[in-house]
Amino acid sequence: MTDFKRDGSHLAYCPPVEKWDDWMELDAEAWPKRVEKHYQIVPTVCFNCESACGLLAYVDKQSGEIAKFEGNPMHPASRGRLCAKGPATINQIHDPDRILYPMKRSGPRGAGKWERTSWDEVLETFGTRIRKAIQEGRGEEVMYHVGRPGHDFIMDRMLQAWGIDGHNSHTNVCSSSARLGYMLWHYADRPSPDHANARFILLLSAHLESGHYFNPHAQRIIDGKMAGAKLAVMDPRLSNTASMADYWMPTYPGTEVAVLLAMAKVILEENRFDAKFVKNWTNWEELEVDGFRAQGQSFEATVEALKKHYARFTPQFAEKESGVKAEVIVRIAREIATAGSKFASHLWRGTASGNLGGWQPARALMLLHVLTGSVGTEGGHNLNAWNKFVPKPFSVPPPQKRWNELLYPREWPLSMHEMSFLLPHFLKEGRGRIEAYFTRVFNPVWTYPDGFSWIEMLRDEEKVGLHAALTPTWSETAWFADYVLPMGFSSERHDLMSQESYAGKWIGFRQPVNRVLRERAGEKFEYTYQANPGEVWEEDEFWINLSWAIDPDGSMGIRKYFESPYRPGQKLTVDEYYGWMFENSVPGLPEAAKKEGLTPLGYMRKYGAFEITRDVYKQNEKGLSESELAGSQVEANGVIKKSGKLVGVVVEGKAVAGYNTPSRKLELFSKTMADWKWPEFTIPEYYRSHIHRAAQGASVGQPGEDFDAKYTPVVEWRKEARGEVYTLLPIFRLPNLIHTRSGNAKFLYEISHKNPLWVNPVDAKKLGGVRTGDLMKVHTEIGYFVLHAWVTEGLTPGVVACSHHLGRWRINKEDQVERMSSAWVDLKEVGKGQWKMRQIEGVAGYGSKDPDTKRVWWSDAGVHQDITFPVHPDPVSGMHCWHQLVRVERAGAEDRYGDIFVDTNLAHAVYLKWKKLARPAPGPGGLRRPLWIPRVVRPEDGAYYIKE
Ligand code: SF4
């Protein structure tokens with residue numbers, strides 16, 4: 001595959017930039033007549049996952065309407081290629097059921113009665129409430145809760161300008177565990193694998209198919225494969241990715257660490273590790289294991305101690321635990337060792353998000369990188385912080401002085417990101433309330449576990465005073481809001497994006513296509529909603545205006561951060577916000593723009609993306625300059641300190657940057673874990689997940705036999721629960737759906753609209769000869785759901801699976817709903833905290849301005865499984881552990897497809913049980929959390945200390 005070139009010549013079939021103002025294509029609908037269609041092409045950035053691929057909007061010159069979206073060849077990460085969700089943006093913007101105007105509820109919360117309101121009324125209402133809360137010292141009662149961010153930094157600026165600790169995110173149901181595992185090694189909480197240049201690639205999830213940054217990564221995995229790299233996939237499920245791999249290792253879920261440590265043992269014992277790298281770049285001198293202390297000992301003695309420690313992870317043991325053949329484990333370990341510095345891997349969700357202790361797989365996977373010296377290398381594992389670029393805007397507000405315990409409670413001091421999925425339980429426990437709540441592209445009632453507890457929280461006006469759902473589409477959560485505020489899709493808003501997609505740094509510029517085109521033609525708009533369909537707005541302008549509404553005269557010190565850097569005292573515009581950064585904070589952009597006679601903003605509006613550099617490898621080896629070293633001291637362990645802060649480390653006599661860890665090296669030994677009450681987990685370890693076979697009564701061997709019980713809460717079934725016990729894998733996704741936003745994307749739902757229960761034939765037999773299409777009842781700890789079976793060999797026996805991204809529902813039959821993707825349901829609270837849902841009608845064709853809605857041929861919307869799951873907070877990372885033991889039986893005569901029952905009283909009891917596993921702050925010195933560990937919208941250091 002030809003790599004990205006700045007002139008776009010790598011993709012011959014894309015329109016060249018010089019023709020973007022008038023691009024001709026023949027009208028396919030007019031065939032066989034030769035009718036020309038002329039388009040103007042405007043670049044923007046996809047908003048349908050975090051990858052931020054470049055889109056080109058083709059605007060029909062005759063109608064002025066966007067006719068289609070294709071890939072932007074000038075985007076260095078996506079290189080003109082998209083997944084199915086990118087072009088489906090056209091369905092989203094033309095969705096006949098979309099929200100076009102700000103709406104306010106006109107009946108009781110949750111009654112589904114809405115009336116149109118104005119943006120001015122919204123700003124006045126929220127501005128007044130938030131101002132009062134801040135002035136009365138109740139800033140923590142203002143919360144912004146985001147599902148898909150789609151931007152970099154502007155929210156941090158806004159919340160810090162308001163002086164509040166109010167950022168909440170979905171990360172704890174997504175990736176917290178993987179983040180913690182990576183962070184403990186090298187501070188950066190995400191990997192940036194250089195797949196394209198690797199010799200061996202190991203994926204612990206379905207990355208090629210549907211994982212994180214998957215289109216940009218998938219392209220580069222294929223680049224790597226085409227250049228001779230081998231691909232191995234460890235996944236209990238035969239994903240599309242696994243089907244493309246050289247090796248598929250279908251593990252029993254939660255046992256992946258046993259396999260990884262067995263590979264580490266092979267590499268160590270065969271002395272195939274990169275000793276120089278391990279010696280120079282890990283903190284081996286701090287290692288303490290099995291009574292051995294490395295301090296004062298030789299490197300060789302330390303390696304022996306490590307070998308001894310991991311000796312029990314024989315390939316045979318790993319086979320017994322995981323089901324992966326010992327010989328395959330040995331072969332792959334040797335291939336990884338041979339790839340050496342060109343070994344790339346990825347882990348994001350999968351085992352990390354499913355299992356208790358899901359942060360250990362990232363710890364163990366990184367051990368393989370450390371042993372092979374493949375950290376920071378071409379073809380190896382790089383750090384996200386090295387490959388992502390976030391430009392600094394003008395006049396940044398200071399960090400907030402406060403700490404919000406609804407976000408970072410004391411029980412989980414090492415949690416990566418906020419404990420957001422426990423919010424209903426925190427409010428139930430009386431830990432606080434919310435005065436003004438913004439949910440943004442966020443649908444916790446549907447995407448989170450325990451959605452009925454969210455409904456109970458959201459409908460309670462004592463707990464949540466005022467709730468605005470900022471969303472482009474109707475959702476189960478928006479249903480329980482006071483205001484539903486339409487925010488734009490990818491072609492209707494501004495955002496600045498950058499991701500760690502490959503070995504390079506880039507930025508992408510999302511822009512509102514209609515506004516850009518009409519302004520090019522000479523029109524002027526104060527706000528983007530004036531150019532968008534209906535009154536669909538964009539968050540940037542909304543937050544700027546809300547900040548002015550909170551502090552109209554500037555006396556609270558908020559407004560100044562939303563004033564123009566060019567026109568003192570005047571309201572900031574989006575052109576000024578981004579224009580200033582492009583002029584001042586993006587290396588190379590002003591020069592590139594000048595060459596073309598453009599302003600930096602003009603350049604980004606023209607191309608939609610800019611590649612900053614490819615000089616990204618081995619940033620840890622960057623030498624410190626004389627000025628950086630002036631006034632610094634070198635400590636005994638080689639760490640360089642300046643004014644009390646760590647700035648680098650001495651390696652082989654050279655002062656270099658190192659990593660942002662306490663040792664400035666890769667932390668093989670984590671003193672942080674010992675200091676924060678987890679001394680048994682200072683180095684990568686395997687312990688059994690809450691869904692280990694032992695929990696199903698299977699016999700188990702070494703190790704972990706005796707110590708797992710203290711980490712693992714026992715499952716207590718409802719007395720009605722019947723059937724065989726299985727592990728449920730509920731978190732794989734279909735590559736063409738996007739949680740809530742794909743709701744009425746007709747191209748996508750036509751492809752996928754069913755999420756059956758995957759059952760291995762061995763288990764189908766055990767369950768009494770179950771066949772594809774049979775109705776099954778799955779009992780969780782707090783309820784049940786009913787769905788069809790799909791008998792398939794593409795899954796490890798003993799495990800059942802069901803994809804998320806399906807099972808949308810609606811209470812109204814027709815109004816304020818997404819009719820192409822949801823079932824019409826009867827929802828009842830049959831007792832206190834006892835909820836029953838039954839589907840009245842599935843999807844059916846309907847009349848609208850889009851004739852295709854009459855042609856909808858599918859009737860299934862899937863079954864909502866997440867709402868029947870209790871919360872399982874990992875005691876260390878805080879991540880919700882999605883996998884769970886379920887009882888599976890054939891559905892009874894009274895059961896119907898899509899039936900759901902949940903008892904939220906039981907849900908709270910499960911929460912309390914898991915909470916007991918945590919080891920709360922304070923840590924050393926009265927800290928809430930280690931100072932070196934990152935936090936979203938970080939407050940000032942003083943807030944890290946518990947005051948009372
Ligand atoms: S991977 Fe697909 S959904 Fe994600 S940004 Fe790229 S085109 Fe959009």
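In this chain, residues are counted from 1 in sequence order. Note that ligands are numbered from 1 as they come in the structure, with each ligand's atoms numbered from 1 the same way. The figures here come from the full heavy-atom set of this structure, side chains too, leaving out hydrogens, waters and symmetry mates.
Of the charged side-chain nitrogens involved, at least one lies within less than 4.0 Å of a carboxylate oxygen, so that E25 and K68 count as a salt-bridged pair. Classification of E50 and K388 as a salt-bridged pair fails, no side-chain N sitting under 4.0 Å from a carboxylate O. Between R808 and E818 there is no salt bridge, since no side-chain nitrogen of the basic residue lies less than 4.0 Å from a carboxylate oxygen of the acidic one. A salt bridge does not link R515 to D575: none of the charged side-chain nitrogens sits closer than 4.0 Å to a carboxylate oxygen. Taking 4.0 Å as the cut-off between side-chain N and carboxylate O, D246 and K230 do not count as a salt-bridged pair.
The nearest protein atom to atom 2 (Fe) of ligand 1, hydrogens excluded, is given as C83 SG, 2.3 Å; this is a heavy-atom distance. Taking atom 8 (Fe) of ligand 1 as the reference point, the nearest protein heavy-atom neighbour is C46 SG, 2.4 Å. Looking only at heavy atoms of the protein, atom 3 (S) of ligand 1 is closest to K85 CE, 3.3 Å. The single protein non-hydrogen atom nearest to atom 1 (S) of ligand 1 is N215 CB, 3.3 Å, given as residue, atom name and distance.
With ligand atoms numbered from 1 in the order given, ligand 1 contributes 7 (S) to contacts under 4.0 Å with heavy atoms of G86. Residue contact check: N48 has heavy atoms under 4.0 Å from atoms 3 (S) of ligand 1.
The nearest N, O or S atom of C53 is closer to atom 6 (Fe) of ligand 1 than 2.8 Å. At a cut-off of 2.8 Å, C49 is counted among the residues with an N, O or S atom near atom 4 (Fe) of ligand 1.
Under the 30°/60° scheme for interplanar angles, the aromatic rings of H739 and H805 are found to lie parallel.
Within the structure, ligand 1 has A52 among the residues with a heavy atom less than 4.0 angstrom away.
P449 places a side-chain heavy atom less than 4.5 Å from the side chain of V173.
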